[in-house]
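Got a structure here, written out as structure tokens. Questions coming.
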Number of protein chains: 2
Amino acid sequence: MDFFEYIKQVGNEIILEKGTHLFRQGDENEFLHFIKEGTLKAYYNNADGKETIKSFIMPNDIIGSLTSAYLGKKCSFSLKCLSDCKVIKFSFAKLVIDSSTNQQIANKMVEFLTIFAMKKEQREYELLCLSAEDRYRLLVNDKPDLLEMVTQNDIAKYLGITPVGLSRIKNRQ
Amino acid sequence: MDFFEYIKQVGNEIILEKGTHLFRQGDENEFLHFIKEGTLKAYYNNADGKETIKSFIMPNDIIGSLTSAYLGKKCSFSLKCLSDCKVIKFSFAKLVIDSSTNQQIANKMVEFLTIFAMKKEQREYELLCLSAEDRYRLLVNDKPDLLEMVTQNDIAKYLGITPVGLSRIKNRQ
DNA sequence: CCATATTTTTAACCTGGGTTAATGATCGAT
DNA sequence: ATCGATCATTAACCCAGGTTAAAAATATGG
């Protein structure tokens with residue numbers, strides 16, 4: 001069975017208004033979410049009260065808290081709709097079980113997890129090796145459309161700096 | 001078949017002297033490496049000539065460049081032995097192929113990739129949300145043994161700061 | 001055990017981005 | 001169209017960590 005067919009079959013489609021949370025930091029949530037429509041942000045509320053954005057999520061992405069879904073721990077971040085959204089939520093635990101007896105599902109899982117891991121490694125690289133300004137320049141180059149879709153405040157929080165800092169960077173040459 | 005049995009069967013055991021590179025940034029390398037003995041570092045040579053350390057690798061860890069192994073691109077980092085090492089190298093492409101027809105291998109792949117992805121997310125969190133000082137305090141708490149095994153220079157490069165910076169942090173109360 | 005290399009610390013000075021706060025620009029709901 | 005809320009910019013000041021360089025402490029190979 002095709003992976004998307006699988007998700008449609010085992011999952012539940014839900015409609016969410018802009019501003020709604022799928023889950024909040026501290027919740028337990030065993031689901032992954034396939035995004036059919038809309039944009040979301042996954043973000044941390046830091047100890048000092050500030051927010052930083054872990055990632056933006058777009059149509060066809062899959063998002064969820066692995067630590068909560070796989071280990072049963074609490075979500076380390078919150079997931080919020082930046083626009084009205086249509087998503088299919090499905091159980092990660094069930095997916096792991098189903099993939100353990102269905103080779104096709106397992107293959108898709110391997111592919112999905114490998115690509116996910118590579119994305120996380122890229123982000124790690126950017127945060128470890130690049131200055132905030134370099135990260136911004138790279139984003140402008142690699143995802144110019146993203147800049148149109150979310151506020152500059154959120155871009156700053158994604159880059160790990162403040163909106164004031166980003167405004168300064170933009171107005172440097 | 002057990003996963004470790006699989007690795008032993010398809011892989012090649014190699015002995016490496018301290019200081020040897022398994023691969024260098026810019027190489028193509030399709031292998032994953034299971035570490036039987038020794039400590040290694042995965043590190044970037046940044047554009048400005050500085051080095052930053054992506055991760056330390058210990059016995060029973062598996063390390064390789066996913067982007068090179070899975071996508072055939074060049075390795076974005078180098079992998080070097082910090083001590084004499086015994087490792088088993090095996091092809092990632094072959095692993096993916098074998099896992100596509102062997103459910104047991106596939107299950108292990110899913111487990112391995114999920115745990116790997118969670119580790120990368122934890123690192124992302126630390127780099128995005130914590131100050132260098134907080135990252136150091138966390139490391140002291142979570143991996144005190146690591147501090148004994150590698151130089152302070154390398155700890156600094158792992159935290160994303162300079163050795164001078166780390167020395168200062170240590171000598172703050 | 002000595003000589004050399006590497007690691008760690010210290011000091012002086014610098015800079016990117018944080019903080020606070022005020023101002024203006026936009027957006028959205030009524 | 002208007003009001004309040006959010007967003008973006010600017011300015012003044014601050015600070016964590018970078019840079020350079022030198023000294024002190026440790027390792028390491030012969």
Side-chain angles (χ1 to χ4, degrees), chain A residues 16-21 38-41 43-53 56 80-85 126-140 144 146-173, chain B residues 17-20 38-39 41 43-53 56 80-84 126-140 144 146-173:
Chain A
L16 297 147
E17 278 194 350
K18 173 174 174 173
T20 315
H21 277 85
T39 308
L40 303 90
K41 68 174 173 182
Y43 67 98
Y44 296 106
N45 279 117
N46 303 330
D48 63 2
K50 299 285 154 53
E51 171 185 324
T52 41
I53 294 180
F56 296 106
K80 183 180 180 179
C81 300
L82 294 179
S83 68
D84 292 350
C85 289
E126 290 172 18
L127 291 168
L128 187 58
C129 300
L130 303 182
S131 68
E133 174 158 3
D134 289 343
R135 292 199 293 278
Y136 174 67
R137 303 283 175 219
L138 192 61
L139 187 69
V140 168
L146 184 64
L147 301 176
E148 313 294 305
M149 303 185 64
V150 307
T151 67
Q152 199 172 299
N153 279 0
D154 276 348
I155 295 290
K157 290 171 197 162
Y158 175 73
L159 295 172
I161 59 179
T162 61
V164 177
L166 179 52
S167 178
R168 261 192 301 242
I169 285 171
K170 279 183 62 180
N171 292 103
R172 295 209 278 260
Q173 227 59 295
Chain B
E17 278 195 350
K18 173 175 175 174
T20 315
T39 309
K41 68 174 174 183
Y43 67 97
Y44 296 105
N45 280 117
N46 303 330
D48 62 2
K50 300 286 154 54
E51 171 185 324
T52 41
I53 295 180
F56 296 106
K80 182 179 180 180
C81 300
L82 294 179
S83 67
D84 292 350
E126 291 172 18
L127 291 168
L128 186 59
C129 299
L130 304 182
S131 67
E133 175 159 3
D134 289 343
R135 291 199 294 277
Y136 174 67
R137 304 282 175 221
L138 192 61
L139 188 68
V140 168
L146 184 63
L147 301 176
E148 314 294 305
M149 301 185 64
V150 307
T151 67
Q152 197 171 300
N153 280 359
D154 276 350
I155 295 290
K157 290 170 197 163
Y158 174 74
L159 295 172
I161 59 179
T162 61
V164 176
L166 179 53
S167 177
R168 260 192 302 242
I169 286 172
K170 279 182 62 180
N171 292 104
R172 295 208 278 261
Q173 220 46 291

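First the proteins, then the strands, lettered A, B, ... as listed; each starts at 1. What you see is a predicted model; the values in this text were computed from it and never measured.
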Is A:Ser167 touching bases, backbone alone, or none of the nucleic acid, heavy atoms closer than 4.0 Å?
->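 The residue A:Ser167 makes base contact.
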State whether B:Glu51 and B:Lys80 are salt-bridged, where the test is any N-O pair (Lys NZ or Arg NE/NH1/NH2 against Asp/Glu carboxylate O) under 4.0 Å.
->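 No.
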Can you check the B:Lys157 NZ to C:dT6 C1' distance for me, whole Å?
->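 One finds 11 Å between C1' of C:dT6 and NZ of B:Lys157, rounded.
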Calculate the interatomic distance between B:Gln152 atom CD and C:dT9 atom P; express it in whole Å.
->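 One finds 4 Å between P of C:dT9 and CD of B:Gln152, rounded.
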May I have the distance from B:Glu51 (atom CD) to C:dT6 (atom C1'), rounded to whole angstrom?
->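 Distance, rounded to whole Å: 14 Å.
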Close side-chain approach of B:Tyr158 and B:Val150, heavy atoms under 4.5 Å =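 B:Tyr158 vs B:Val150: side chains apart.
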Between A:Leu159 (CG) and D:dA8 (C1'), how many Å, whole number?
->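 After rounding, the gap between these two atoms is 15 Å.
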B/S/- contact track for nucleotides 13-24 of chain D, protein heavy atom under 4.0 Å | ----BBBB----
For the pair made of CG in B:Asp154 and C1' in C:dT6, what is the distance, rounded to whole Å?
->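 Rounding to the nearest Å, CG of B:Asp154 and C1' of C:dT6 are 12 Å apart.
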Separation of atom NZ in B:Lys18 from atom C1' in D:dG29, rounded to whole Å =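 About 12 Å, once rounded to whole Å.
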Can you check the B:Met149 CE to D:dA27 P distance for me, whole Å?
->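 Distance check: B:Met149 CE to D:dA27 P gives 16 Å.
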Main-chain N/O of A:Lys50 paired to A:Asp48 side chain as donor or acceptor, under 3.5 Å =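 Yes; judged by distance alone, with no hydrogens or angles, the pair exists.
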B:Lys170 vs C:dT8: side-chain N/O to OP1/OP2 distance below 4.0 Å =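 No, because none of the side-chain N or O atoms of B:Lys170 sits under 4.0 Å from OP1 or OP2 of C:dT8.
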Student check: side-chain heavy atoms of A:Arg135 and A:Leu138 closer than 4.5 Å =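 No - every pair of side-chain heavy atoms lies 4.5 Å or more apart.
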Are any of B:Asn153's side-chain N or O atoms less than 4.0 Å away from OP1 or OP2 of C:dT6?
->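 For B:Asn153, the contact criterion (side-chain N or O under 4.0 Å from OP1 or OP2 of C:dT6) is not met.
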Taking the side chain as C-beta and beyond, is there a heavy-atom pair between B:Ile155 and B:Leu146 under 4.5 Å?
->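 Side-chain contact under 4.5 Å: yes.
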Rounded to the nearest 0.5 Å, how far does CE of B:Met149 lie from CG of B:Leu82?
->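 Rounded to the nearest 0.5 Å, the CG-CE separation comes out at 8.5 Å.
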Atom-pair distance (CD on B:Glu148; P on C:dT8), nearest Å |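 B:Glu148 atom CD is separated from C:dT8 atom P by 12 Å.
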Is the shortest heavy-atom distance from the side chain of A:Leu40 to the side chain of A:Leu16 under 4.5 Å?
->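 A side-chain contact under 4.5 Å is absent here.
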